[in-house]
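What follows is one structure encoded as structure tokens, with my remarks underneath.
Computed from a prediction, not measured in an experiment: that's the story for all the values here. Just so we're on the same page: letters track the sequence lines, and every chain starts at 1.
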There are 2 protein chains.
Amino acid sequence: MAEPHELRQKGLRLTPQRELVLSAVRELGHATPEEVAEKVRRTHPGINLSTVYRNLETLENVGLVQHTHLGHGGATYHAAEELTHLHLVCGKCGSVGDAPIEVAANFVNALADDYGFKTDVTHFAVYGTCADCVLTDV
Amino acid sequence: MAEPHELRQKGLRLTPQRELVLSAVRELGHATPEEVAEKVRRTHPGINLSTVYRNLETLENVGLVQHTHLGHGGATYHAAEELTHLHLVCGKCGSVGDAPIEVAANFVNALADDYGFKTDVTHFAVYGTCADCVLTDV
DNA sequence: TAGGAAAGTGCGAATCTCTCGCAATTAGTA
DNA sequence: TACTAATTGCGAGAGATTCGCACTTTCCTA
């Protein structure tokens, strides 16, 4: 136990709520703040929604989690170490698929070369129609 | 004047509000519902915000306008015929640049070939850092 | 061309999501 | 152990969108 907790290494105080929020994000994979709160409440019923929002923001500032936009309005959070894929959101069925970021490598390079734009492909989802719905489509 | 109005062709009733919303979207290029309402109110002060929302949705259903997500929460609306470019949103300065959809052609094809996913590149913005901010960046 | 059904509008209330202020609590430090 | 600053809980508040409902308007039909 000589090594400091990862949260402490980032200069954050170690509170039960903070740890719970972080582990909830890690366990859930994709999660909205609301879902994180719900998950945390299973073991810690008293936790406040504001606290969840604030901790997600704090954890994002130190790089432990990141958010992406999968649709409509709400952001969804991921553990930073899992953000190695992009999201394929289907507009018909609402499913969220994954694809390795390498698929977008050429696209990212083209934007960098032609526009000097440095793209973060994981921040927004890729919207469209999934394979199943393309087939089902009338 | 023998040919029916484009709204009627789509099976919609022709109301002044509807026409105003549609032409506002066309004139504005990118616009949030709030901006559309503001624009319409210059000539038709009484129009209700609910009506704007409802008409945007209706017009989207018949394919005359489309919405995209440029950031945070709010959707922005475009006339369908103008959606020929993708949006490069800078996370630092908030600027929104354009790029022709052709830049994404390979990317779109790769997703189609590998995952059967039919991508609508214009629906979500492409997030990253614009050329100016990349230079300015420390 | 008048009459009426159905679509559309205005209005206000209700939701949902997220942010803020403030007082009480707690972690980490000396 | 005592102190200070960070953190939490809670309730209020802001912004965006949706909904119900009564009234109005469009457009089809006789």
- Message: Between B:Leu14 and B:Arg18, does the side chain to side chain contact (heavy atoms under 4.5 Å, CB included) criterion hold? Intermediate values first, please.
- Response: CA-CA 7 Å; B:Leu14 199 54; B:Arg18 192 109 83 196; over 6 Å; no

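In terms of phosphate contacts, B:Tyr53 brings a side-chain nitrogen or oxygen within less than 4.0 Å of OP1 or OP2 of D:dT17. Side-chain nitrogen and oxygen atoms of A:Thr51 include at least one within less than 4.0 Å of the OP1 or OP2 phosphate oxygen of D:dG9. Look at A:Thr15 and you'll find a side-chain N or O under 4.0 angstrom from OP1 or OP2 of D:dT8.
The nearest heavy atom of DNA chain C to B:Arg54 and to A:Leu14 marks one nucleotide each, and the one closer to the 5' end goes with B:Arg54. Mapping B:Arg13 and B:Thr32 onto DNA chain D by nearest heavy atom places B:Thr32 closer to the 5' end of the strand.
Taking atom CG on B:Asn48 and atom P on D:dT25, their separation rounds to 15 Å, with Å as the unit. Atom pair A:Leu49:CG and D:dG13:P shows a separation of 18 Å (rounding to whole Å applied). Atom CZ in B:Arg18 sits about 11 Å away from atom P in D:dT26, given to the nearest Å. Atom-to-atom, CD of B:Gln9 to C1' of D:dC27 comes out at 16 Å; the value is rounded to the nearest Å. To the nearest angstrom, C1' of D:dT8 lies 15 Å from CD of A:Glu19. Straight-line distance from the CD atom of A:Glu57 to the C1' atom of D:dA6: 15 Å, rounded to whole Å.
Side-chain contact between A:Val103 and B:Phe107 is present, with at least one heavy-atom pair separated by less than 4.5 Å. Taking the side chain as every heavy atom from C-beta outward, A:His69 and B:His69 never approach each other to under 4.5 Å. Between B:Leu7 and B:Lys10 there is no side-chain heavy-atom pair separated by less than 4.5 Å.
The nucleotide range of DNA chain C contacted by chain A, defined by atoms under 4.0 angstrom from heavy atoms of the protein and reported 5' to 3', is C:dT17 to C:dG28.
Salt-bridge check for A:Arg26 with A:Glu6: passed, with a basic side-chain N closer than 4.0 Å to an acidic carboxylate O.
The aromatic rings of A:His67 and A:His123 stand perpendicular to each other, their planes meeting at an angle above 60°, with 30° marking the opposite boundary. Relative ring orientation between B:His30 and B:His78 is described as perpendicular, the plane-to-plane angle rising above 60° on a 0-90° scale split at 30° and 60°.
Residue contacts for A:Ile47: at a heavy-atom cut-off of 4.0 Å it reaches the sugar-phosphate backbone alone, with no base atom in range.
Judged by distance alone with a 3.5 Å cut-off, a donor-acceptor contact links the side chain of A:Ser50 to the base of D:dG11.
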